Chemist: 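I am attaching a structure below and will ask some questions about it afterwards.
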There are 2 protein chains.
Amino acid sequence: MHTLSKNQQIIFDLIDKSPEPMKAYAILFNVQKKGIKAPLQVYRALDKLVEIGKIHKIESRNAFIACQNSSCQVSKATAFSICEICEKVTEISSASLSKYLTNFKDKDGMKYSKYNLEFFGLCKKCR
Amino acid sequence: MHTLSKNQQIIFDLIDKSPEPMKAYAILFNVQKKGIKAPLQVYRALDKLVEIGKIHKIESRNAFIACQNSSCQVSKATAFSICEICEKVTEISSASLSKYLTNFKDKDGMKYSKYNLEFFGLCKKCR
DNA sequence: TACATAGTGTTATATTATAACAATTTAAAT
DNA sequence: ATTTAAATTGTTATAATATAACACTATGTA
């Protein structure tokens with residue numbers, strides 16, 4: 001298991017406590033009192049946390065969320081649902097979905113080592 | 001059917017001819033000789049073209065690609081393969097994939113109206 | 001101890017995207 | 001034809017997201 005560095009731990013804790021995905025500059029603002037002053041310090045920690053699978057980037061939102069899937073050491077197969085009204089994001093952990101996508105072959109028979117899927121719609125509260 | 005405005009047509013033609021996804025400022029640079037001078041003019045056309053399904057945004061790359069799927073009037077269900085070395089991007093049109101994802105229900109039984117899927121790996125040339 | 005690797009701090013800058021406002025064009029409806 | 005609404009354009013300024021480059025420090029390990 002990976003032991004996080006100081007900045008990585010500070011930033012992971014913040015994201016992990018957040019009920020919604022956090023943007024890089026919102027993270028920066030929040031950790032300034034802890035001595036992390038520059039965007040680059042944030043982005044470096046984010047890059048590493050993504051790399052080791054502790055957080056995921058929601059690409060369509062440029063925001064970061066803690067991995068909800070305890071078994072997910074490295075982010076090779078991610079799926080999220082996103083509410084287009086309240087912006088609530090939930091990580092989907094469906095064995096059948098991940099199995100389907102991991103085994104998916106394109107028309108040339110190519111398989112891919114990694115995927116990211118984002119579903120959009122309205123959450124229960126918003127419909 | 002939608003008839004494109006002048007700026008939309010110029011920008012669509014450029015993206016459509018491009019063998020790879022184009023970024024907004026690369027588009028801007030290319031259309032400056034045609035009188036489109038400002039980023040906002042590009043982004044407005046891009047927004048509209050995405051909205052009507054003529055192009056798609058590759059979220060992980062902040063780049064735009066013409067829709068390869070002639071039946072795809074509106075982009076509610078998109079899937080791409082992305083080569084992590086040469087950055088070649090291909091739109092996947094697989095009836096079984098789109099059927100699977102369109103019908104996918106999360107653990108609360110929720111169905112979603114839209115999705116975007118990006119597969120990553122190495123293309124034939126790059127492996 | 002030396003060496004490599006990863007992490008930090010800092011300044012500057014690049015890249016991606018939108019706000020706000022005024023004018024013009026287009027399409028449709030009287 | 002004339003009015004009206006909606007979409008599009010043009011423009012300046014600025015916001016938001018992300019990386020380059022360089023010097024230094026900590027950590028693990030041979």
Side-chain angles (χ1 to χ4, degrees), chain A residues 1-15 18 20-65 73-74 82 84 87 89 116 118, chain B residues 1-15 18 20-65 73-74 82 84 87 89 116 118:
Chain A
M1 191 55 187
H2 226 282
T3 153
L4 300 182
S5 75
K6 181 174 67 96
N7 288 1
Q8 289 160 14
Q9 189 69 58
I10 290 168
I11 287 172
F12 175 72
D13 288 344
L14 178 65
I15 296 172
S18 171
E20 69 248 348
M22 292 194 77
K23 297 186 153 233
Y25 278 71
I27 293 167
L28 176 58
F29 179 80
N30 268 274
V31 296
Q32 270 171 337
K33 45 186 174 272
K34 301 217 163 134
I36 296 176
K37 290 174 198 148
L40 196 45
Q41 295 175 287
V42 172
Y43 279 104
R44 283 195 288 224
L46 289 173
D47 284 351
K48 191 65 181 191
L49 290 167
V50 167
E51 185 190 324
I52 64 179
K54 297 285 288 181
I55 64 173
H56 305 303
K57 183 173 187 181
I58 309 301
E59 292 286 357
S60 66
R61 299 298 186 260
N62 298 318
F64 300 86
I65 191 175
Q73 300 289 355
V74 176
I82 302 172
E84 291 185 296
E87 291 291 328
V89 174
N116 179 56
E118 298 180 6
Chain B
M1 192 51 189
H2 226 280
T3 151
L4 300 182
S5 75
K6 182 176 67 95
N7 288 1
Q8 289 160 14
Q9 190 68 60
I10 290 169
I11 287 172
F12 175 73
D13 288 344
L14 178 66
I15 296 172
S18 171
E20 68 248 348
M22 292 193 77
K23 298 185 153 233
Y25 279 71
I27 293 167
L28 176 58
F29 179 81
N30 268 273
V31 297
Q32 270 172 336
K33 43 184 174 275
K34 301 217 163 131
I36 296 176
K37 289 173 199 148
L40 196 45
Q41 296 175 286
V42 173
Y43 280 104
R44 283 196 286 224
L46 290 173
D47 284 351
K48 191 66 181 188
L49 291 167
V50 167
E51 185 192 325
I52 63 180
K54 298 284 289 180
I55 65 173
H56 305 303
K57 182 173 186 181
I58 309 301
E59 293 287 357
S60 66
R61 299 299 186 258
N62 297 319
F64 299 85
I65 191 175
Q73 299 290 355
V74 175
I82 302 172
E84 290 186 296
E87 292 291 326
V89 173
N116 179 55
E118 298 180 6

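Please read all numbers here as calculations on a predicted model, not as lab measurements.
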Chemist: Please report the distance, rounded to the nearest Å, between CE in A/M22 and P in D/dA16.
Modeler: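 Computing the A/M22:CE to D/dA16:P distance gives 15 Å.
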Chemist: Grab the CG-P distance between A/L4 and D/dG28 for me, whole Å please.
Modeler: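 Rounding to the nearest Å, CG of A/L4 and P of D/dG28 are 13 Å apart.
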Chemist: Do any side-chain nitrogens or oxygens of B/Q41 fall under 4.0 Å of OP1 or OP2 in D/dG10?
Modeler: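 Yes, such a contact exists.
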Chemist: Which heavy atom in B/P21 sits nearest to a heavy atom in B/E87, and how many Å separate them?
Modeler: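 Looking at all heavy atoms of both residues, the shortest contact is CD-O, 4.4 Å.
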Chemist: How long is the gap from NE2 on A/H56 to CD on A/E118, to the nearest 0.5 Å?
Modeler: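 With rounding to 0.5 Å, NE2 (A/H56) is 11.5 Å from CD (A/E118).
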Chemist: Whole-Å distance between D/dG10 P and B/K34 NZ?
Modeler: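 Distance check: B/K34 NZ to D/dG10 P gives 14 Å.
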Chemist: Heavy atoms only: give me the nearest B/Q8-B/L49 pair and the separation to one decimal.
Modeler: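 For B/Q8 versus B/L49, the nearest heavy atoms are O-CD1, 3.8 Å.
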Chemist: Between B/K37 and D/dT11, is there a contact of a side-chain N or O with OP1 or OP2 at under 4.0 Å?
Modeler: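 True: B/K37 side-chain N/O within range (under 4.0 Å) of D/dT11 OP1/OP2.
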Chemist: B/Q32 CD to D/dT11 P: how many Å, rounded?
Modeler: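 About 12 Å, once rounded to whole Å.
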Chemist: Using a cut-off of strictly less than 4.0 Å, decide whether B/S5 has a side-chain nitrogen or oxygen near OP1 or OP2 of D/dT9.
Modeler: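 It does, given that an N or O in the side chain of B/S5 lies less than 4.0 Å from OP1 or OP2 of D/dT9.
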Chemist: For D/dA7, does either OP1 or OP2 sit under 4.0 Å from a side-chain N or O belonging to B/N7?
Modeler: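 Checking B/N7 against D/dA7: no side-chain N or O falls below 4.0 Å of OP1 or OP2.
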Chemist: For B/F12 versus B/K54, what's the shortest heavy-atom pair and its separation?
Modeler: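 Shortest heavy-atom contact: CE1-O, 3.4 Å.
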Chemist: NZ/A/K6 to CD1/A/I11 distance, rounded to the nearest 0.5 angstrom?
Modeler: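 Going from the NZ atom of A/K6 to the CD1 atom of A/I11 covers 10.0 Å.
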Chemist: Between the protein and nucleotides 17-21 of chain C, are there any N/O to N/O pairs under 3.5 Å, and if so, what are the atom names and distances?
Modeler:
{"residue": "C/dA17", "atom": "OP1", "partner": "B/K57", "partner atom": "NZ", "Å": "2.7"}
{"residue": "C/dA17", "atom": "OP2", "partner": "B/Y43", "partner atom": "OH", "Å": "3.1"}
{"residue": "C/dA17", "atom": "N7", "partner": "B/Y25", "partner atom": "OH", "Å": "2.8"}
{"residue": "C/dA17", "atom": "N6", "partner": "B/Y25", "partner atom": "OH", "Å": "3.1"}

Chemist: Between C1' on C/dG7 and CG on A/L46, what's the gap in Å once rounded to a whole number?
Modeler: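 It works out to 15 Å between those atoms.
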Chemist: Check the phosphate of C/dT8 against A/K48, side-chain N and O only, distance under 4.0 Å to OP1 or OP2. Yes or no?
Modeler: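 False: A/K48 side-chain N/O out of range (4.0 Å or more) of C/dT8 OP1/OP2.
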Chemist: If only side-chain N and O atoms of A/K23 are considered, is one of them under 4.0 Å from the OP1 or OP2 phosphate oxygen of D/dA15?
Modeler: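 For A/K23, the contact criterion (side-chain N or O under 4.0 Å from OP1 or OP2 of D/dA15) is not met.
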Chemist: Nearest to the side chain of B/Q8, heavy atoms from C-beta on, is which of D/dG10, D/dT8, C/dG9?
Modeler: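 It is D/dT8.
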